[in-house]
Amino acid sequence: MRRQIIMVVTGTVLAAMIVLVKPPIYVVHVLLVVAMYITMASAWNFLGGFTGYPSFGHGAFFGVGAYTTAILFRDFGLSPFLTAPLGGFVAAILAAAIGYPTLRLREEYFAIATMSVGFIFQLIARNWQFTGGGLGLYVQPPEWYDVRTINS
């Protein structure tokens with residue numbers, strides 16, 4: 001257990017330091033996508049693997065965290081590297097609020113409830129203006145990041 005904690009802390013510190021090196025933007029993109037898939041797989045493994053619940057709502061909470069981070073960057077200019085934990089916290093609070101009643105359901109009722117949550121969040125994201133509606137959000141890289149390093 002102690003070794004796992006050390007590995008997680010080391011990985012987190014190295015991931016946070018990547019912005020100091022200023023690698024090409026596609027490298028940052030690939031690393032972020034890998035981190036997102038690791039997070040999604042861990043969440044699915046926890047709920048689907050350990051408890052046996054077939055959850056279809058993970059993407060909704062993932063989207064809430066992503067939209068939180070993107071909106072904070074778009075509207076307030078806060079760095080996504082700093083607001084990503086806040087996006088995760090908002091998604092976790094919302095997941096706890098929705099998970100409290102849905103985790104009392106069994107078998108196919110739980111699956112239907114989690115699928116419904118995903119559909120409801122999809123409707124919200126497509127129809128509310130502050131989420132960008134059907135077009136979504138376009139977020140440019142931060143001003144301090146030199147986009148010209150893409151080809152290097």
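Just so it is clear, the model here is predicted, and its values are computed rather than measured.
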Might you point out which heavy atoms bring [X] and [Y] nearest each other, and give the distance in Å?
X: Phe61; Y: Ala91; result: O-CB, 3.2 Å
X: Trp128; Y: Phe130; result: CE3-CE2, 2.9 Å
X: Leu78; Y: Phe73; result: O-CD1, 3.0 Å

To the closest 0.5 Å, what do you measure between [atom1] ([X]) and [atom2] ([Y])?
X: Gln129; Y: Leu135; atom1: CD; atom2: CG; result: 9.0 Å
X: Ile124; Y: Gln122; atom1: CD1; atom2: CD; result: 11.0 Å
X: Phe62; Y: Met40; atom1: CZ; atom2: CE; result: 6.0 Å
X: His58; Y: Phe46; atom1: NE2; atom2: CZ; result: 9.5 Å

Check the hydrophobic clustering (I, L, V, M, F, W, Y; side-chain heavy atoms under 4.5 Å; chains of links allowed) and say if [X] and [Y] are grouped together.
X: Val117; Y: Val90; result: yes
X: Phe76; Y: Leu86; result: yes
X: Leu31; Y: Ile38; result: no

Does Asn127 reach the main-chain N or O of Leu123 with its side chain, forming a donor-acceptor pair under 3.5 Å?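 Yes: the side chain of Asn127 pairs with the backbone of Leu123.
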Validation row: [X], [Y] side chains within 4.5 angstrom (heavy atoms):
X: Thr83; Y: Thr68; result: no
X: Leu72; Y: Tyr67; result: no
X: Leu94; Y: Phe89; result: no
X: Leu137; Y: Ile71; result: yes

Who are the side chain to side chain contact (heavy atoms under 4.5 Å, CB included) partners of Phe110, not counting sequence neighbours?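 Applying side chain to side chain contact (heavy atoms under 4.5 Å, CB included) to Phe110 gives Leu47, Tyr53, Pro54, Ser55, Thr102, Leu103, Leu105, Thr114.
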Applying side chain to side chain contact (heavy atoms under 4.5 Å, CB included), can you list everything that pairs with Tyr100, at least two apart in sequence or on another chain?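 Expected list: Arg104.
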Are there more than 12 heavy atoms of other residues, nucleotides or ligands under 6.0 Å from atom CD of Glu108?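 Yes, because the 6.0 Å sphere around CD of Glu108 holds more than 12 heavy atoms from other groups.
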